[in-house]
Amino acid sequence: MKKKKHTSGEMKRRDVLKSIGALVAASYVLPGCRRTPDRSIVSRPFEPEYQEPGKALYYASTWTEGPYPYGVLVKTLDGRPIKVDGNPDHPVNEGRSNAAMQASVLGLYDPDRLKHPLHNNVKSTWDDVDQKVIQSLSSAKRATIVTRSTLGPSERALIKKYTDTFRGLRHLVYDPAGEDTRVKVWSDVYNASGSCVPCFDKASVILSLDSDFLAGDGVELETSYAWSKARAQGLQNGKPPVFYMAESGVSLTGSCADERISLAPSKMGDFSRALLNALSGNSSSLVSLANTLGLDQHWIGALVNDLKQNRGKSLVVAGAHLPKDVQATVALLNHELQAEGRTLLWEDTPELLRPVSAATFKKEIESGLDLLILLGVDPAYYWPLGDFAASVKQIPLVVGHGLYLNQSLSYCNIALPSHHYLESWNDASPRSGLVSICQPAITHLYNTRQEADSLLRWFNGAKQGASFIADSWYDFVKNSWQRGFTRPKVMPLSWEAFVRKGVADTSKESFSPVLDKLKALKLLTERNETSSGAELVIHPHHGVGDGRFSNNAWLQELPHPVSKIVWDSVALMSPTTAKKFGLVEGSMAKITASKAVYYLPVAFQEGMAEDVITATMGHGKSAGGTIEKDLGSRCVPHIPGKGFITSRFAVGVQVTKTAGSVVIARSQNEFSAHDRPIVLEASFTDYARDKNVIDAQRHKVHGHHMHEPTSFTDKYKWGMAIDLNRCTGCGACTLSCQVENNIPVVGKSEVRNGREMHWMRLDSYYKKSPDGRFLVSHQPMLCQHCDNAPCETVCPVAATVHNEQGLNEMVYNRCVGTRYCANNCPYKVRRFNYFNYQKRTVKSANQELMFNPQVTVRTVGTMEKCTFCIQRINAAKMAANNAGKIITDEQVLPACAGACPSGAIVFGNLHDPSSAITKLRKSSRAFYVNEEINTAPNVTYLARIRNTSSPLGGTSHG
Amino acid sequence: MFNADFDRKVYLFLAIALGILSVGAAFTAYVLWPPNTWVGYEPAQPIAFSHKLHAGELKVDCQYCHTNVSKGAQATVPSLKTCMNCHTQVQTKDEKGQLKPDIAKLLHHWDTQEPILWKKVYDLPDFAYFDHSRHISSGIDCIECHGDIANMVRVKRVYPLGMKECLACHRKPSAKTGAPNQAPITCGTCHR
């Protein structure tokens with residue numbers, strides 16, 4: 001028995017030895033079975049003109065998705081659009097961009113887009129649906145086309161052709177978020193068509209009443225630059241403008257104000273009227289109002305004084321959501337201040353398309369329509385009047401055109417997929433004499449069609465042999481130009497030259513209409529109801545706007561400029577107000593305003609006016625893409641009437657706590673700098689007296705340090721300067737960096753874990769001044785590229801090292817993921833891939849086309865951080881070296897600096913004595929973050945100088 | 001003490017351990033051996049284009065076909081149009097009067113306008129960014145990395161192209177002056 005076992009053991013041993021031998025042999029042979037790269041190079045039949053592999057090709061176009069058609073420059077690489085920046089030739093945004101524009105490229109590759117026509121929710125063909133629509137169009141007695149208010153001249157011409165040709169066809173504009181009391185009242189009291197342009201660069205004193213003009217309330221890319229330029233110039237010549245703000249919430253614009261108070265929106269009317277009286281000499285009402293409301297006496301005194309002394313150099317603006325009487329008072333204030341023709345100009349614009357109210361719209365669709373065509377609108381989401389589906393059910397044929405199968409499209413008989421604007425031909429004319437072209441940068445990715453193209457085909461089908469109409473939409477747009485319909489009279493530009501440049505602009509003509517004082521005074525008497533209870537203001541969301549970008553994950557993860565909330569819509573209120581209603585952060589509140597009921601999670605925001613709730617629209621959609629669907633809570637404008645004074649502002653609001661709670665994610669949870677010198681500031685009074693006031697606050701390195709001062713001898717040393725006096729905190733840099741550097745989104749729960757991946761973030765610090773005012777300071781934070789980088793010394797595998805040009809380099813393929821570097825970084829700018837975030841979000845091959853091929857896509861377990869856009873530096877270096885030249889200032893522009901709408905970021909060569917950066921580094925406002933620990937950063941911050949005489953409570957020198 | 005049972009267990013343990021180790025080693029070697037360092041890779045191409053004939057005997061300049069090499073990162077393969085610049089005329093026939101099979105293939109591609117999928121002989125890892133133009137304008141000859149292409153019928157990799165080889169050349173003193181090479185060796189030169 002035993003022997004037998006032994007034998008079997010012997011056999012086993014031999015077998016084992018044999019197999020070991022085989023395995024050892026295999027271990028040598030296996031690598032010999034080499035993997036072939038198995039990749040192909042495709043040689044095309046022809047080389048397309050202008051296309052060189054790996055070399056960017058730019059198309060001038062127009063961002064027609066947003067509320068204002070800014071000019072863009074689309075960067076395409078090997079035929080695919082990968083980045084959108086502002087078009088420097090466009091006179092309005094002059095190369096600058098905002099976050100939504102930067103993020104628009106994501107929408108092109110979005111796998112959630114509607115990809116083929118649907119007929120009764122079944123996949124159909126274009127021929128099939130065209131036939132049905134044409135049939136209905138030819139026989140319809142009553143038909144309506146519904147569009148947004150932003151239409152180009154060619155689109156308007158086509159729709160006009162419709163309304164002229166088809167009897168009983170009407171064109172309606174439905175744009176609930178675009179309702180603007182300011183435009184309405186001002187064009188009324190000035191009796192002028194056109195649009196009013198506040199000139200922030202010409203005003204020495206600015207007063208904003210709840211107007212978020214630096215972010216969304218108006219043409220923010222034009223105003224941000226004008227505003228920041230005036231501040232920079234004012235600081236230089238010793239006369240900076242002073243910006244007063246009275247606002248309900250804490251907006252981005254409010255955080256940028258020199259003198260800010262919080263004031264409930266219902267008090268804006270009384271306040272503006274009292275101010276008007278005070279300016280004409282009777283300040284008693286203002287004094288008594290200030291006493292009743294407990295307003296800051298210093299603020300009021302300074303404001304009245306400054307306004308009085310700066311007639312002709314002052315400007316007052318009020319938020320578009322404020323009621324008619326406030327707008328009329330502001331018009332009178334500007335008149336009193338002689339602003340017209342000086343700081344307030346009017347531009348001739350093509351006739352404005354006025355949105356209709358929901359009530360009119362409802363009446364229209366329930367009036368026995370035969371055909372309803374919805375073009376790029378989602379009325380069902382905004383619908384404040386019962387059941388939208390029931391209203392449209394009676395219509396025999398409802399056709400919807402859109403990017404996503406949104407709520408409205410899901411009720412349509414025929415749902416049609418639209419082109420993204422990067423696939424479209426179009427034109428835009430925001431003011432007379434200015435036309436810009438929207439041209440495709442790629443052919444359409446899916447079986448989609450442009451809305452206007454559909455309209456054109458249906459027209460041609462329904463009116464066989466119609467005289468003027470073009471065969472294709474491209475021809476139509478081209479004809480509009482060539483036949484002089486869109487082309488300015490004095491513009492000999494050919495179509496090709498126009499498309500190449502992207503924009504045609506004849507001299508900007510402004511005029512100054514006369515204020516009809518009686519009309520304005522009459523509006524003043526239209527007092528609004530005041531009632532007890534809270535007040536509600538509904539704003540567009542800082543990222544997703546009125547909801548049109550809500551399926552864009554980049555914009556969802558862009559933190560709010562002040563509250564830093566991501567991925568959600570919340571009811572913001574001050575902690576004391578919340579306490580009054582028995583609410584805590586995250587608890588669900590039932591907010592009843594007139595007939596509207598909103599369920600929103602509560603979030604605290606210090607510094608807000610009491611009994612005021614601000615909420616944002618754009619979330620809580622019940623249909624649409626995978627990201628927007630069922631995300632957040634719905635809060636949309638209502639019909640003005642009882643309770644709602646304007647569609648976005650309600651009084652007499654009841655707030656109660658309801659069941660449930662929501663976890664709110666913020667990218668920043670600590671808002672106090674705890675008196676440490678992280679972001680330095682001074683009041684202008686102090687700064688004017690002593691230019692060294694910032695320098696005195698700095699905690700400089702003293703004593704001996706173990707580091708020898710590092711010496712850099714190369715001809716380049718890269719550095720950045722960020723002017724906090726110009727920065728508005730908008731987040732365009734964050735988004736631009738995200739697009740350029742293939743930065744993933746992580747989602748709400750990972751933001752809660754502190755794992756957001758933004759290389760460039762915006763830190764905000766709250767502070768109470770000694771006299772009790774609430775101050776917010778913004779600070780863009782990115783890798784500081786320290787000369788003595790603490791991260792480098794702790795990396796066990798030398799995956800992060802310094803180069804001779806001052807860059808702190810991160811080598812992904814060397815990184816093993818110990819995270820020591822991130823732990824040792826005093827700026828928290830290193831980001832770690834805890835998961836394969838890209839793989840989590842990139843679900844289709846099309847999305848991979850979006851990546852910037854010049855930057856490695858990082859995988860799980862890799863550390864990453866700002867590189868100063870080394871791919872752009874290398875490209876510039878390569879070109880300069882090939883040509884035997886040296887890089888000059890303008891030749892390297894990191895993504896953040898290229899996007900910044902206020903020109904706050906400057907990048908350049910510190911070893912070039914004539915470069916802008918070298919000069920800024922010597923500025924008296926220059927400081928470095930955490931400089932006392934001798935990291936020797938290459939990012940210089942220039943301190944913000946608030947134009948105020950009251951103390952700011954600066955940091956003490958420790 | 002050493003009974004058979006125990007022996008068997010030890011052997012079994014050893015076998016399994018060694019087995020795991022060697023399979024692991026083989027796999028690691030397989031994974032870690034970067035393809036760009038393999039020498040002798042010589043894939044068959046869809047059309048048996050001979051560099052020996054074109055670049056060697058006919059002395060066609062490299063940049064006649066690889067037009068982008070002095071302008072951008074990629075050297076690029078020529079479009080069909082470039083081939084047809086000559087091959088509309090040059091249509092060599094064999095003894096039987098038939099078109100040579102590879103020229104026939106080319107003409108077929110031209111007729112159908114169907115792109116040719118050439119097999120990639122050189123393939124650097126995605127995290128390494130190499131730029132041809134910089135090297136060409138610094139006077140580096142194609143031969144230094146690609147070998148004597150003009151004498152290859154089918155292109156074959158003759159030098160390994162790993163980081164070691166890159167660095168060796170970047171550190172090498174200049175052949176002409178003997179002064180240290182100006183080529184940068186910081187990580188960010190190639191990795192970003």
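In what follows, chains carry the letters A, B, and so on, assigned in the order in which the sequence lines appear, proteins first and then strands, with residues in each chain numbered from 1.
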Heavy-atom pairs under 4.5 Å with chain A: which of C187(B), C190(B), S133(B), S137(B) has the most? C187(B)
Less than 4.5 Å to any heavy atom of chain B: does that hold for the side chain of N881(A), its backbone, both, or neither? both
At a heavy-atom separation under 4.5 Å, does T76(B) approach chain A through its side chain, its backbone, both, or neither? side chain
Specify the closest pair of heavy atoms between N874(A) and G188(B), including all atoms of both residues, with the distance to one decimal. ND2-O, 2.9 Å
As an exercise, state the distance from NZ of K120(B) to OG of S40(A), rounded to the nearest 0.5 Å. 9.5 Å
Would R192(B) and V855(A) count as a side chain to side chain contact (heavy atoms under 4.5 Å, CB included) here? Give the steps. CA-CA 6 Å; R192(B) 57 196 191 218; V855(A) 179; 5.7 Å; no
For E144(B), does the CD atom have more than 12 heavy-atom neighbours from other residues, nucleotides or ligands under 6.0 Å away? yes
Ignoring hydrogens, what is the shortest heavy-atom contact between D131(B) and M878(A)? Give both atom names and the distance. CB-CE, 3.6 Å
ring-ring contact (aromatic ring centres under 6.0 Å, His included): which pairs involve residues 88-129 of chain B, sequence neighbours left out? F46(A)-W110(B), Y122(B)-H146(B), F127(B)-H191(B)
Name all pairs fulfilling the side chain to side chain donor-acceptor pair (under 3.5 Å) condition that reach into residues 798-812 of chain A, sequence neighbours left out, sorted by first residue then second. D714(A)-Q805(A), W718(A)-Q805(A), E792(A)-H802(A), E792(A)-N808(A), T800(A)-N808(A), T800(A)-R830(A), N803(A)-E809(A), Q805(A)-K877(A), N808(A)-R830(A), N808(A)-K865(A)
Is chain A contacted by the side chain of T82(B), its backbone, both, or neither, given a heavy-atom distance below 4.5 Å? neither
If one checks every heavy atom of Q74(B) against chain A at 4.5 Å, the contacting part turns out to be side chain
Using a heavy-atom distance cut-off of less than 4.5 Å, which residues of residues 42-70 of chain B contact chain A? N68(B)
Does OH belonging to Y820(A) count more than 12 external heavy atoms closer than 6.0 Å? no
Given heavy-atom pairs under 4.5 angstrom as the criterion, report whether the side chain, backbone, both or neither of I41(A) touches chain B. both
Can you tell which part of V42(A) gets under 4.5 Å to a heavy atom of chain B, answering side chain, backbone, both or neither? both
Please report the interatomic distance CG(L80(B)) to CD(E47(A)), rounded to the nearest 0.5 Å. 10.0 Å
Salt bridge (Lys or Arg N to Asp or Glu O under 4.0 Å) filter on D787(A), not counting sequence neighbours, yields K717(A)
S79(B) and P45(A) have their tightest heavy-atom pair at CB-O, 3.6 Å
Would you mind checking which part of Q854(A) comes under 4.5 Å of any heavy atom in chain B, side chain (CB onward), backbone (N, CA, C, O), both or neither? both
